[in-house]
Amino acid sequence: MARFHRLRVAAVDRLTDDSVALTLAVPPELREEYRHQPGQHLTLRRVADGEEIRRTYSICSPVPDGEAPATLRVGVRLVEGGAFSTYALKEIDLGDELEVMTPAGRFTLPPAPGLYAAVVGGSGITPVLSIATTLLAREPEARFCLIRSDRTTASTMFLEEVADLKDRHPDRFQLVTALSREEQQAGLPSGRLDRERLASLLPALLPVDRVDGWFLCGPYGLVAGADRALRALGVSRSRIHQEIFHVDSGPAPTAAASAAPAHSTVTARLDGRGGTWPVQSGESLLDTVLRNRPDAPYACKGGVCGTCRAFLVSGEVRMDRNYALESEETEAGYVLACQSHPVTEKVELDFDR
Ligand code: FES
């Protein structure tokens, strides 16, 4: 069960003009709760002017073998007008305490032998840095190819950390950088990494059909383009893992609200306790549950982070949008509570499964 605790900021490192890395100290008694998989994220919570803001940031630090880590490092990039990222870049200081949810997320790679590859854009490097660093340090039979894109060298997050990885594992780590707004002296010509470009680039870089896992992370356009390129190259869906950081404009809710029954209830099980509550017209099932159980897990409320995932025990729902769950998860019966609306009069969700 996801929980919030207050963690102290142990370091604030400026990465670029518009991004920082925050290191959070985890006291010994909480370390097991914050034990994480490489690729997982933390949700940070802040109440400002009576309004609660939550944002999800990926952990960039590696996962050591054995003991749970004493610190966790996350990368934060400034989003224009972003309430939390502006606060993080301009106000958070050494020694501050932040409210931090225990780690979550299924965009993960536990260390295993094999060849792995990632296509990332902008701050999408953050979880992949943890994945690649952990993998190469702990699994001598693993190799990793990182294809990253950004606007310019100056805007690229974790340049030093990625260069270190290359120095430490010159034979097992391959790095390709594409800059969209800067001429490069060596390597790729400038321009965006879109589907067409990836479809010709990837087979020239590595044996696409021998890659055991692909990790795509960044803005929606890049991830969707890379996914289509890989599928066209014959890569099976089960080998492609995706995490989307930004969806520019959300498509309008799909199904008509008129499909909803006049009266409906949701029964939810959360942290071992259940309850049944009426769903108010137009609200998501997450909002119904939150009115009665403020401890229900969520972060983005936008169908992107997956924190509100729940198992649909009975009944039927429609989801407005889903950028977080893989098709295997929806086929297995999982839904995003923040995007779900009842189609049947009774719906039962289990947040503990
Ligand atoms: S809260 Fe992020 S997907 Fe529902």
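Just follow the structure's listing: the first ligand is 1, and inside any ligand the first atom is 1. Please read these numbers as outputs of a predicted model, since none were measured by experiment.
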- For Gly303, the ligand 1 atoms with a heavy-atom partner under 4.0 Å come out as 3 (S)
- Note on the structure: Of all protein heavy atoms, the one nearest atom 3 (S) of ligand 1 is Gly306 N, 3.3 Å
- Message: Taking atom CG as the centre, does Asp167 end up with more than 12 heavy-atom neighbours from other residues, nucleotides or ligands that are less than 6.0 angstrom away?
- Response: yes
- Proximity of His241 and Phe107 rings by center, below 6.0 Å: no
- Message: Using every non-hydrogen atom in the two residues, find where Ser130 and Gly39 come nearest and quote the distance to one decimal.
- Response: OG-N, 3.9 Å
- Measure centre to centre between the rings of Phe144 and Tyr116, then say whether the value is under 6.0 Å. no
- Report, in ascending order of atom number, the atoms of ligand 1 lying under 4.0 Å from any heavy atom of Ala299. 1 (S)
- In terms of side-chain geometry, is the basic nitrogen of Asp18 or Arg151 positioned less than 4.0 Å from the acidic oxygen of its partner? yes
- Query: Short check: any N/O/S atom of Cys338 below 2.8 Å from atom 4 (Fe) of ligand 1?
  - Reply: yes
- Side chain of Arg14, backbone of Asp17: donor and acceptor closer than 3.5 Å? yes
- Verify the distance test for Cys305 against atom 4 (Fe) of ligand 1: any N/O/S atom under 2.8 Å, yes or no. no
- Query: Between Trp214 and Leu202, is any pair of side-chain heavy atoms under 4.5 Å apart?
  - Reply: yes
- Please could you name the atoms of ligand 1 that Cys308 approaches to less than 4.0 Å, counting only its heavy atoms? 1 (S), 3 (S), 4 (Fe)
- Are the charged groups of Glu52 and Arg54 less than 4.0 angstrom apart, N to O? yes
- Starting from atom 1 (S) of ligand 1, find the nearest protein heavy-atom neighbour and note its residue, name and distance. Lys301 N, 3.2 Å
- Please identify which atoms of ligand 1 are closer than 4.0 Å to at least one heavy atom of Val304. 3 (S)
- Tell me which part of Thr56 gets within contact of ligand 1: side chain, backbone, both or neither, using heavy atoms under 4.0 Å. neither
- With a 4.0 Å cut-off on heavy atoms, is Ala324 touching ligand 1? no
- Of all the atoms in Cys300, is at least one N, O or S atom closer to atom 2 (Fe) of ligand 1 than 2.8 Å? yes
